[in-house]
Amino acid sequence: MGCFPGVDPALQKESRTQTPAPAAAPASASSSSSSKFHRARSGGARDERYRSDIHTEAVQAALAKHKEQKMALPMPTKRRSTFVQSPADACTPPDTSSASEDEGSLRRQAALSAALHQSLQNAESWINRSIQGSSTSSSASSTLSHGEGKGTSGSLADVFANTRIENFSVPPDVTATTSSSSARPAAIDLPPSGIVKGMHKGSNRSSLMDTADVPQPDPNQPKPEGRQMTPVKGEPLGVVCNWPPALEAALQRWGTTQAKCPCLTALDVTGKPVYTLTYGKLWSRSLKLAYTLLNKLGTKNEPVLKPGDRVALVYPNNDPVMFMVAFYGCLLAEVIPVPIEVPLTRKDAGGQQIGFLLGSCGIALALTTEVCLKGLPKTQNGEIVQFKGWPRLKWVVTDSKYLSKSPKDWQPNISAAGTEPAYIEYKTSKEGSVMGVTVSRIAMLSHCQALSQACNYSEGETIVNVLDFKKDAGLWHGILTNVMNKLHTISVPYSVMKTCPLSWVQRVHTHKAKVALVKCRDLHWAMMAHRDQRDVSLSSLRMLIVTDGANPWSVSSCDAFLSLFQSHGLKPEAICPCATSPEAMTIAIRRPGVPGAPLPGRAILSMNGLSFGVIRVNTEDKNSALTVQDVGHVMPGGMMCIVKPDGPPQLCKTDEIGEICVSSRAGGMMYYGLAGLTKNTFEVIPVNSAGSPVGDVPFVRSGLLGFVGPGSLVFVVGKMDGLLTVSGRRHNADDIVATGLAVESIKTVYRGRIAVFSVSVFYDERIVVVAEQRPDASEEDSFQWMSRVLQAIDSIHQVGVYCLALVPANTLPKTPLGGIHISQTKQHFLEGSLHPCNILMCPHTCVTNLPKPRQKQPGVGPASVMVGNLVAGKRIAQASGRDLGQLEDNDLVKKHQFLTEVLQWRAQATPDHPLFLLLNAKGTTVCTATCLQLHKKAERIASVLCDKGHLNAGDNVVLLYPPGIELITAFYGCLYAGCIPVTVRPPHAQSLTATLPTVRMIVEVSKAACILTTQTLMRLLKSREAAAAVDVKTWPTIIDTDDLPRKRLSQIYKPPTSEMLAYLDFSVSTTGMLTGVKMSHAAVSGLCRAIKLQCELYSSRQIAICLDPYCGLGFVLWCLCSVYSGHQSILIPPMELESNLFLWLSTVSQYKIRDTFCSYSVMELCTKGLGNQVEMLKSRGINLSCVRTCVVVAEERPRVSLTHSFSKLFKDIGLSSRAVSTTFGSRVNVAICLQGTSGPDPTTVYVDLKSLRHDRVRLVERGAPQSLLLSESGKILPGVKVVIVNPETKGPLGDSHLGEIWVNSPHTASGYYTIYDNETLQADHFNTRLSFGDAAQTLWARTGYLGFVRRTELTAASGERHDALYVVGALDETLELRGLRYHPIDIETSVSRTHRSIAECAVFTWTNLLVVVVELCGCEQEALDLVPLVTNVVLEEHYLIVGVVVVVDPGVIPINSRGEKQRMHLRDSFLADQLDPIYVAYNM
């Protein structure tokens, strides 16, 4: 029993049941069942590069631990219509069974499967059992133990000094549970269990939110303890007398002396040999091609190609013969071949980068075959399409019949190999850019020599090559070293492997091949199909070169393959893993062993140690072990060192993981045309810990991570490209893919296609896992798989996954050989074009570097603030409008206390003066009212109220009218009758259920005795549809005012005092509160007078109003101001704009209006709707140069971006940049600021958003990060005083401090109108005093808005310096999160910017979660793209974790007539599940 013992058949069977995928092969399949096999495989075949039974078990065990936890979150909800899966087969190109950059395929989880039983044993039994040595197929044959001996590792500088490598002929059993024979329990079906935490074991998970800003290093983290490594040398490159001076010389020698010897055999689609190229044919055809390239493509004086030019080689993977002839033809012609993949479409994934490489190499010529040329995509007129990003190419067909025979006297120039370039091999970087690694002729030759020596090739041997012959090991062995040693290569194309996975094994058997070049996926597929062939023999193989042996997960494939094929003659010592990279070429290869000699050891490493870059034997949690096999020794003539992966190339310690660097003549010389990158990669001089260079020999970085173990064996644990550095710990993308595949992925993941990459969000890398979902996977299966993957990755790698997304099968961008194009996938993810069909975000568990929540400090008392401000020389933040007392308006109006008196006076003095003009959608006047008409109509309405309504003075009357003049006449009718009008927006006939309840509520709350309305609305109120929404029997008296009797009013009511109520103003705030405020006659007169003075209104003026007339300043401007000031108001109902967008602007232009008022919704409608029609406006003759003020009436922070874009857009039709301004009002005082005609223009400032959250104002420069542009809200009205107050202490604040805006003015409302007169609230909001520093004991009203006052350098009308008031937002809308105060609009602005398909957005909180609702205006497939983008931007810009992302249809977010979002309504609908969302994602 010299080598491996024959494995007991019972155990073999058991080892097969551990791998879920192979079970797909039909049990008694004959060799003819390959197509049946293919069908069975395509459903379940996983990416077997990462197969490992050990790992699968590790995952099972890790998941079993989570079993007790209940699922903490609801499943995402998804609208059924979304995401129609593409039928998988319809669009599967031939090569798609792989998962990552190289042509990958099926492998990585058996190591997961085992790491899981290990959780049942402790370290001792683990090591002991490896000494007793029982056997299973996928296992670790020894332990690389670092300093397990009584804590000696500390005292020994070199960790490897006390390393035990046990070479047992029997590999240890790492999968058995106890003594029972079944290797693993039935797959446990776990509930999709709880939230996964992605933190170090040490951190306390309950305190998720109070982590520090900077991740603190874990004090227990392992640190390297060895001495500095010394570079390791390979054996010297032997001096063999008959080695040729150049590779071309070898070709010439064999081609002329051994012309009949076979060089290369190609196979057809079924795997049968179809053509054998002899050395004679290769030489003669290469010669013809070389001659043609140099002499026949141009004219004698102007050849197209000169020696040293670069040429693209475009040959399909199933035509090695044509490729080989072309490659050697180029070498003989001394032009530089650049082999690339055959482009499939105009926009292949990564195709643009290949184009960049071709362009930077200055390539103008592409060689290809006739068949391939015919297959390239063509334009309509038959020309080859211009591939995206490619230079213009001339295509040359190299089939023999098109080549010219060289004249007898023509000989190629074959010089001894030097440093001139021989060929360029492309490689794709992690970011997706494509570089050309240039290989010199001497490097090509030296590499062939080193390979010949290491693999001990001898003339005439047969080798079977399953790899891509255009690059890497397939090119080096199968095309180059092949010719050097006159080998015979059988090339097995990838397409044959897909239909007949056993074909390479059959070729080895048939041709008695000595060497086979494979990847792990080929081993795996052969195992799955091996029942098709009982009688194959692999006894001829002396080397089975596993070229992705550098993948740490290769060990399980090698073990499983050996256990299966040992009975077919495979020798254990023939398995030779190797490690390669485009830059350093072959880095290390295991030499063929001596029969009977002990096999090399394994390293069982702790994944936790690896994540800190330290080699530690795994002793803790057995789940997180990585078993690695060596890749042999350094190449002959080479030298190797390990340097730190980041920063200067400092040599690692002996127990540290780093990047492998190689120095030898056989390596790449540069990246073509990229000098800077070349220096960093190809000319590395290692330094010691002090930073001084070690020697002067330049090394080449290989891009592989690993270490040199005992006996100078090289171990590779991952690739630099797959490195994910999260919170200072390093993880490997491949390891995470393996874990994902080990979670029964067969029901969910399509062909094992999983991509893992990291994105940078909020000062750290975050891991993203994207997998293709099988077309037949159910939502439940998928969600369960996703939950389990999160748990498994957390358990095994101790790292949280930020985002896990499933996309429909076949939709991820592919590499030419069918793998997933990682960098392109990442780009799609970041730009929101991945179109996932399922997504789970776990920011709560991954993002551990949020700043600590703010603790509110006990407030400084108001007196101290005051004293502090005085000491600092800061003034108290207060501002006021002009003093009403000094403004003498010489108008007769002043003698009238009441508006009713003013109207009567105007009806006598100027009866025919038109006060109101109402326009329809066409812009024609539908109704006018002169002073007299208004007065008469009002009288008739008053008499109807007295007669029909039997109303008394002081009764409340609801006015239910569309925007127009009837509303105005009804208002004055009520005043004439002594009733108190309450204007209410009429219900919308199309959405009664939504709009009628509000009407009903105002009618009830206002205790209205009567409703005045039109006939149409009266019918609507009593209709069947209305009855479905409210109880129509309880309406008060409804009077329609369409046909009024001509009856004189006996006398017009005159209130006894001006403090009596004039009207009630009801409004629903954005937070969903319905509040009515009481407006007295004095307040009405005061307000009208202030507006008249500010805007200089008098009877010869015209203003245009496009506003809703139901509450606030909109109502005042529509109904009151014209009567008071006598100017003419042109009324434009905003809803008319929906049918004619031009209406408002064309009216302003036609009537040459100087002052116009609108709402944000009107401005937005014009900006969005007319943005691209400015030329059309010009052609219609619309000109806005007449406009002096265009005022947006608002009760919110000015929307600077909207007003700016409006100004900019319509600048071309004469709108002055200074015209647009905004007003500010609130419930307690409907008009605090209004720009008016005089005084300085509104000012703007940039404030720091971070400070605002802390209730501080910090002014910053334009363009500062996290800055917010604020604009002044117009000028404070005459007679108005404001002060900025701390809302908690009620003490006044200093200049430029954020606080609540308090107001004192003659036109402040006199209180809330409620059913329950809540006196305390009334007093607090309307009659409150400062707690300190106000000797006058002024009574203030609280607006409920946060803002600040800032003294500017400008001069106000009074001659004083101007104090600007900036409104930041409503207090009751702010969100208190993590101890900070957020304004929803700031978060919404960030969100709206993230993706072109976000139409509108609103945020609110639910429990303590932030909910973001976005309206999707694109197609529904984009819904889930928004989830990560929204989460990222809110985290990056606001330091908040989004709890729920809701994607809805356009128009779902309710917006009121002022254009304000009704966030609370939205919240209620969300909680009542009434939004009909497209998707709801709960971030974990």
Side-chain angles (χ1 to χ4, degrees), residues 47 49 86 91-105 340-360 377 385 387-390 426-436 468 471 582 703 719-724 733-734 736-737 740 749-761 765-773 802-837 839 1395-1396 1421-1422 1424-1426 1428-1429 1432:
D47 185 356
R49 274 173 326 159
S86 55
C91 52
T92 310
D95 306 319
T96 50
S97 45
S98 75
S100 84
E101 290 289 339
D102 53 16
E103 45 205 64
S105 78
I340 58 170
E341 310 300 336
V342 178
L344 299 172
T345 63
R346 198 181 98 66
K347 290 186 178 174
D348 283 356
Q352 201 166 349
Q353 285 76 16
I354 290 278
F356 177 75
L357 171 74
L358 297 177
S360 60
V385 301
F387 297 108
K388 194 166 179 215
W390 284 34
Y426 82 83
K427 79 153 264 191
T428 306
S429 74
K430 184 176 184 176
E431 288 71 45
S433 53
V434 172
M435 275 97 77
D468 179 3
K471 54 195 281 200
K719 295 195 192 81
M720 286 292 288
D721 277 358
L723 200 59
L724 313 169
D734 286 347
I736 291 172
V737 171
V749 179
Y750 177 67
R751 292 195 166 178
R753 291 170 63 82
I754 298 181
V756 172
F757 51 85
S758 66
V759 294
S760 178
V761 183
E765 292 298 303
R766 314 283 175 196
I767 293 178
V768 179
V769 179
V770 182
E772 289 192 357
Q773 176 175 304
Y802 179 67
C803 175
L804 173 51
L806 290 177
V807 299
N810 265 320
T811 55
L812 288 179
K814 292 185 175 71
T815 58
L817 289 159
I820 297 173
H821 199 296
I822 304 284
S823 58
Q824 199 98 21
T825 302
K826 174 173 171 175
Q827 198 182 331
H828 286 337
F829 174 79
L830 289 173
E831 65 193 22
S833 57
L834 202 56
H835 305 334
C837 48
I839 200 159
H1395 195 278
R1396 60 180 187 286
Q1421 282 155 313
E1422 293 181 312
L1424 280 78
D1425 286 315
L1426 306 181
L1429 296 183
N1432 293 358

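Remember, predicted model here, so these are calculated numbers, not experimental data. Excluded from the calculations below are hydrogen atoms, water molecules and symmetry mates; all remaining heavy atoms, backbone and side chain alike, are included.
- The minimum heavy-atom distance linking Gln352 with Gly389 is given by the pair CG-CA, 4.0 Å.
- Going from atom CG of Leu830 over to atom OG of Ser760 covers 9.5 Å, rounded to the nearest 0.5 Å.
- One finds a salt bridge joining Glu1422 and Arg1396 here, because a Lys/Arg side-chain nitrogen approaches an Asp/Glu carboxylate oxygen to under 4.0 Å.
- Nearest heavy atom pair, residue Glu341 against residue Asp468, reads OE2-OD2, 3.7 Å.
- Gln773 is listed as a side-chain neighbour of Cys837, based on a closest heavy-atom distance under 4.5 Å.
- We find the CD1-NZ distance between Ile340 and Lys471 to be 11.5 Å, quoted to the nearest 0.5 Å.
- Side-chain contact between Tyr426 and Leu357 is present, with heavy atoms from C-beta onward closer than 4.5 Å.
- Closest approach of Val385 to Arg346, counting heavy atoms only: CG2-CG, 4.2 Å.
- Counted by atom type alone, His1395 and Asp1425 present zero donor-acceptor pairs between their side chains at under 3.5 Å.
- In summary, the side chains of His828 and Ser833 do present a donor paired with an acceptor at a separation below 3.5 Å, with no hydrogens or angles considered.
- Between Trp390 and Pro343 there is a side-chain heavy-atom pair separated by less than 4.5 Å.
- In plain terms, the two heavy atoms of Arg753 and Gly818 that are nearest each other are NH1-O, 2.7 Å.
- In terms of heavy-atom proximity, Gly832 sits nearest to Leu1429 at CA-CD1, 3.7 Å.
- The closest side-chain heavy-atom distance from Val756 to Leu724 is below 4.5 Å.
- The distance from the CD atom of Gln824 to the OG1 atom of Thr428 is 10.5 Å, given to the nearest 0.5 Å.
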**OP:** Using the side-chain contact (heavy atoms from CB on, under 4.5 Å) rule, take Val759 and Glu765 through it: C-alpha gap first, then chi angles, then the decisive distance, then the call.
**Re:** CA-CA 5 Å; Val759 294; Glu765 292 298 303; 5.9 Å; no

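- To the nearest 0.5 Å, atoms CD (Gln353) and NE2 (His821) are separated by 6.0 Å.
- Rounding to the nearest 0.5 angstrom, the gap separating the CD1 atom in Ile354 from the CG atom in Asp348 is 9.5 Å.
- Partner Leu834 forms a side chain to side chain contact (heavy atoms under 4.5 Å, CB included) with one of Ile839, Leu1424, Val770 and no other, that one being Val770.
- Using a 4.5 Å heavy-atom cutoff, the side chains of Pro1428 and Phe829 are in contact.
- Ser429 has its side chain within reach of Met435: a pair of non-hydrogen atoms, C-beta onward, lies under 4.5 Å apart.
- Taking 4.5 Å as the limit, every side-chain heavy atom of Val807 sits out of range of all side-chain heavy atoms of Thr825.
- Residues Phe757 and Ser823 are not in side-chain contact: their nearest non-hydrogen atoms beyond the backbone lie 4.5 Å or more apart.
- Between the side chain of Glu772 and the backbone N or O of Pro808 there is no donor-acceptor pair closer than 3.5 Å.
- Listed by chain and number, the residues in a side chain to side chain contact (heavy atoms under 4.5 Å, CB included) with Leu723 are Leu705, Met720, Thr725, Arg730 (sequence neighbours excluded).
- Taking all atoms of both residues into account, the shortest heavy-atom contact from Pro582 to Lys427 is CG-CB, 3.8 Å.
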